[in-house]
Amino acid sequence: MLYQTDDAEASGNAQLIEQIKNDKYPDGTPVFTTLSAISFLIFILIYFPCVAVIAAIKKEAGSWKWALFTIFYTTGLAYFLSLIIYQGGQLF
């Protein structure tokens, strides 16, 4: 939870969107650019699933081997793809 508002209504959502758009680092650069947001979203969509899924994989496979593989593989893949997207986007 990076940002919070007191109001969960539609006006609260508009307030949250404006807060995210206007949030800047001390040097004036924006916290989220379009490229960083896309890279962040790709990471979130790919990285390892919830703990319940990992426990289910462990139970179905009968050992921790596949559960640990899933954690490291999906997190590594998410990081790699986010890195490629962000660094590739920096070239344009």
Side-chain angles (χ1 to χ4, degrees):
M1 296 184 57
L2 298 174
Y3 297 92
Q4 296 181 19
T5 60
D6 295 331
D7 187 12
E9 300 296 321
S11 63
N13 290 337
Q15 179 186 0
L16 179 61
I17 291 169
E18 285 303 313
Q19 183 181 356
I20 291 171
K21 284 181 181 179
N22 296 327
D23 199 14
K24 298 192 184 313
Y25 288 115
D27 67 354
T29 59
V31 172
F32 286 108
T33 63
T34 302
L35 184 58
S36 67
I38 291 170
S39 180
F40 182 65
L41 288 172
I42 293 298
F43 183 84
I44 295 300
L45 287 171
I46 299 172
Y47 81 117
F48 81 93
C50 66
V51 175
V53 171
I54 298 301
I57 292 171
K58 188 261 181 201
K59 183 178 179 182
E60 293 291 326
S63 74
W64 281 101
K65 182 174 101 174
W66 286 108
L68 292 174
F69 173 78
T70 301
I71 291 170
F72 290 109
Y73 177 72
T74 56
T75 304
L77 180 64
Y79 182 82
F80 178 73
L81 291 176
S82 295
L83 179 74
I84 296 299
I85 289 169
Y86 187 79
Q87 295 300 324
Q90 292 283 339
L91 298 174
F92 297 106

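- Within the structure, ring-ring contact (aromatic ring centres under 6.0 Å, His included) contacts touching residues 51-85 (residues at least two apart or in different chains) are Trp66-Phe69, Phe69-Tyr73.
- Tracing side-chain contacts under 4.5 Å through hydrophobic residues (I, L, V, M, F, W, Y), one reaches Ile85 starting from Leu77; they form part of the same cluster.
- Dense packing is recorded around CD of Gln90, with more than 12 heavy atoms of other residues, nucleotides or ligands lying under 6.0 Å away.
- A distance of 12.5 Å separates OG1 in Thr74 from CG in Leu45, rounded to the nearest 0.5 Å.
- With sequence neighbours excluded, the residues that form a side chain to side chain contact (heavy atoms under 4.5 Å, CB included) with Ser82 are Ser39, Ile42, Phe43.
- Here the closest non-hydrogen pair linking Pro49 and Thr70 is CD-CG2, 4.2 Å.
- Taken to the nearest 0.5 Å, the CD atom of Gln87 stands 8.5 Å off from the CG atom of Leu35.
- Contacts of Asp27 classified as side-chain hydrogen bond (donor to acceptor under 3.5 Å, both in side chains), with partners at least two apart in sequence or in another chain: Thr29.
- Distance check, rounded to the nearest 0.5 Å: CG of Leu81 to CD1 of Ile46 gives 4.5 Å.
- At most 12 heavy atoms of other shown residues, nucleotides or ligands fall within 6.0 angstrom of atom NZ in Lys65.
- Two different hydrophobic clusters hold Val53 and Ile71 under the rule that ILVMFWY side chains link at heavy-atom gaps under 4.5 Å.
- Hydrophobic clustering keeps Phe40 apart from Ile84 (ILVMFWY residues linked when any side-chain heavy atoms are closer than 4.5 Å, directly or through intermediates).
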